[in-house]
Amino acid sequence: MKLVPLFDRVVLKQLVAEETTKSGIVLPGQAKEKPQQAEVIAVGPGGVVDGKEITMQVKVGDKVIYSKYSGTDVELEEEKFVVVKQNDILAVIE
């Protein structure tokens, strides 16, 4: 099974969060924030959304930063993904 996003949606897989801070403090599970960095797994075709032509700006394999409280969490075959709209992606990491 695979996720195929529609319209301007993008499927992301979160990158692993750091377990320790830069100063060496180990963070317990609840203290860690949900990471905002992710890898693009699948990209929708774009097209006309709400009367506007949408061209997709990201591609599979890009590493991106997305808005903290955006998207829908999805679990498929024991893997966790986040499905977001393209405009919830803030930047591409190069």
Enumerate the side-chain hydrogen bond (donor to acceptor under 3.5 Å, both in side chains) contacts for residues 74-91, please, sequence neighbours excluded, ordered by first and then second residue. Lys13-Glu79

Quick one: closest heavy-atom pair of Pro5 and Pro45, and the distance? O-CD, 3.8 Å

Atom pair OH (Tyr66) and CD (Gln37), whose distance is rounded to the nearest 0.5 Å: 10.0 Å

Mind checking whether Ile93 and Val64 have side chains closer than 4.5 Å, heavy atoms only? no

I'd like to check the side chain to side chain contact (heavy atoms under 4.5 Å, CB included) partners of Ala91; sequence neighbours left out, ordered by chain and number. none

First locate atom OH of Tyr69, then atom CD of Gln36, and finally report the distance between them rounded to the nearest 0.5 Å. 8.5 Å

Report yes if some heavy atom in the side chain of Val40 is under 4.5 Å from a heavy atom in the side chain of Val11; otherwise report no. no

Qualifying side-chain hydrogen bond (donor to acceptor under 3.5 Å, both in side chains) pairs with a residue from residues 50-60, counting only residues at least two apart or across chains: Lys59-Asp62

Please identify which of these residues, Val83, Val82, Ile89, meets the side chain to side chain contact (heavy atoms under 4.5 Å, CB included) condition with Val10. Ile89

Start with the C-alpha gap between Val92 and Val58, add the side-chain angles, then the distance that decides, and say whether side chain to side chain contact (heavy atoms under 4.5 Å, CB included) holds. CA-CA 8 Å; Val92 176; Val58 295; 4.0 Å; yes

Is there a path from Leu6 to Met56 through hydrophobic residues (I, L, V, M, F, W, Y) whose side chains come within less than 4.5 Å of each other? yes

Just verifying a value: how many Å separate Ile54 CD1 and Phe7 CZ, rounded to the nearest 0.5 Å? 11.5 Å

Taken in chain and number order and not counting sequence neighbours, the residues that satisfy side chain to side chain contact (heavy atoms under 4.5 Å, CB included) with Val60 are Val43

Taken to the nearest 0.5 Å, the spacing of Ile41 CD1 from Leu12 CG works out to 8.0 Å

The complete set of salt bridge (charged side-chain N to carboxylate O under 4.0 Å, His left out) pairs with one or both residues in residues 36-48, sequence neighbours excluded, reads Glu39-Lys63

